[in-house]
Participant: 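One structure is given below, represented as structure tokens, and several questions about it will come after.
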Amino acid sequence: MIRIVMTAIALVAAMTASAIELNDSQRAAIEERIAPVGEVCLQGDSSCGGAAVAVSSGPRSGKEVFDAACMACHSTGAGGAPKLGDVAAWADRIAKGSDALHQSGLQGVPGTSMMAKGGCMNCSDEEVIAAVDYMVEGSQ
């Protein structure tokens with residue numbers, strides 16, 4: 001009986017060992033199956049295999065930033081945001097001056113839904129200021 005149990009254990013151990021030992025073609029097939037689908041290359045990174053995605057040649061215009069980031073709230077009034085073109089809603093804000101409006105755009109307005117940069121974290125300060133100026137121009 002002990003001999004049968006020992007033989008069975010030896011067979012299981014041998015089968016387990018052979019399952020772990022892979023030949024080169026098996027390893028290559030596994031590596032190909034689990035390889036990443038792609039890679040991210042940033043501009044200036046020379047370790048990537050291909051060309052990096054070009055970054056914008058300059059800052060976006062106020063309209064471009066508005067269309068990409070501000071429109072969701074400032075065209076619908078969501079969260080109490082003054083709508084673009086609503087002269088009455090913008091009048092008191094405009095009366096505070098452009099510096100105050102720019103600060104509100106850059107830092108957000110505590111106690112309201114307006115967050116810093118309107119949530120556009122990939123917008124530069126210059127682009128946010130351009131978007132604020134665009135909304136002011138369209139709301140006077």
Side-chain angles (χ1 to χ4, degrees):
M1 176 73 165
I2 293 179
R3 187 177 201 157
I4 295 173
V5 171
M6 293 302 283
T7 303
I9 291 173
L11 283 173
V12 169
M15 290 179 6
T16 303
S18 67
I20 294 172
E21 295 176 21
L22 302 172
N23 62 38
D24 290 339
S25 65
Q26 290 170 322
R27 270 188 210 289
I30 291 170
E31 288 172 3
E32 184 179 339
R33 281 196 309 270
I34 64 171
V37 175
E39 63 181 55
V40 175
C41 291
L42 301 176
Q43 188 171 10
D45 185 357
S46 61
S47 66
C48 294
V53 175
V55 177
S56 173
S57 61
R60 294 172 284 185
S61 71
K63 180 176 179 1
E64 290 173 318
V65 174
F66 175 83
D67 290 343
C70 310
M71 180 192 293
C73 296
H74 287 283
S75 66
T76 64
K83 293 183 191 179
L84 177 66
D86 185 344
V87 176
W90 281 93
D92 289 342
R93 292 171 172 88
I94 292 172
K96 293 178 183 176
S98 60
D99 287 341
L101 286 168
H102 292 159
Q103 284 304 109
S104 294
L106 293 169
Q107 296 178 356
V109 180
T112 71
S113 296
M114 179 63 194
M115 62 187 91
K117 294 188 175 186
C120 183
M121 293 300 113
N122 70 343
C123 290
S124 68
D125 288 359
E126 181 181 37
E127 290 173 327
V128 172
I129 289 170
V132 170
D133 291 345
Y134 171 78
M135 287 186 278
V136 168
E137 289 169 16
S139 302
Q140 292 180 333

Participant: Answer yes or no: is there an ion pair linking K63 with D67, defined by an N-O contact shorter than 4.0 Å?
Facilitator: yes
Participant: Using every non-hydrogen atom in the two residues, find where Q26 and E21 come nearest and quote the distance to one decimal.
Facilitator: OE1-O, 4.3 Å
Participant: Before giving the answer on side chain to side chain donor-acceptor pair (under 3.5 Å), spell out for H102 and D133 the whole-Å C-alpha distance, their side-chain angles and the decisive distance to 0.1 Å.
Facilitator: CA-CA 8 Å; H102 292 159; D133 291 345; 2.6 Å; yes
Participant: State whether the side chain of K117 and the backbone N or O of Q107 hold a donor-acceptor pair below 3.5 Å, judged by distance alone.
Facilitator: no
Participant: Show the nearest heavy-atom pair for residues V65 and A131, with the distance to one decimal.
Facilitator: CG1-CB, 3.7 Å
Participant: Check whether any side-chain heavy atom of T76 sits under 4.5 Å from a side-chain heavy atom of K83, and report yes or no.
Facilitator: no
Participant: Return the minimal non-hydrogen interatomic distance between S61 and A130, and the atom names on each side.
Facilitator: C-CB, 4.4 Å
Participant: Using only atom types and a distance under 3.5 Å, with no angle test, would you say the side chain of E127 pairs donor to acceptor with the backbone of R60?
Facilitator: yes
Participant: One pair to check against side-chain contact (heavy atoms from CB on, under 4.5 Å): W90 and M135. What are the steps and the verdict?
Facilitator: CA-CA 9 Å; W90 281 93; M135 287 186 278; 3.9 Å; yes
Participant: Is any side-chain heavy atom of S139 closer than 4.5 Å to one of V87?
Facilitator: no
Participant: How long is the span from the CE atom in M115 to the OG atom in S113, to the nearest 0.5 Å?
Facilitator: 7.5 Å
Participant: Got a sec: does the CE of M6 have more than 12 other heavy atoms crowding it under 6.0 Å?
Facilitator: no
Participant: Nearest heavy-atom pair of A69 and C120: which atoms, and what distance?
Facilitator: CB-CB, 3.6 Å
Participant: Heavy atoms, side chains only, cut-off 4.5 Å: are L101 and K96 in contact?
Facilitator: no
Participant: Can you name the side-chain hydrogen bond (donor to acceptor under 3.5 Å, both in side chains) partners of D24, sequence neighbours left out?
Facilitator: none
Participant: Can you measure from CG (L84) to CD (E137) and round to the nearest 0.5 angstrom?
Facilitator: 10.5 Å
Participant: Might you confirm whether atom CD of E32 has over 12 heavy atoms from other residues, nucleotides or ligands at distances under 6.0 Å?
Facilitator: no
Participant: How about C70 and C73: are their SG atoms under 2.5 Å apart?
Facilitator: no
Participant: Counting only heavy atoms not in N122 (residues, nucleotides, ligands), do more than 12 fall under 6.0 Å from its CG?
Facilitator: yes
Participant: Are any non-hydrogen side-chain atoms of P82 and H74 less than 4.5 angstrom apart?
Facilitator: yes
Participant: Quick one, I129 and E126 - any side-chain contact, counting heavy atoms below 4.5 Å?
Facilitator: no
Participant: Is V136 linked to M71 within one hydrophobic cluster, defined over Ile, Leu, Val, Met, Phe, Trp and Tyr using a side-chain heavy-atom separation of less than 4.5 Å?
Facilitator: yes
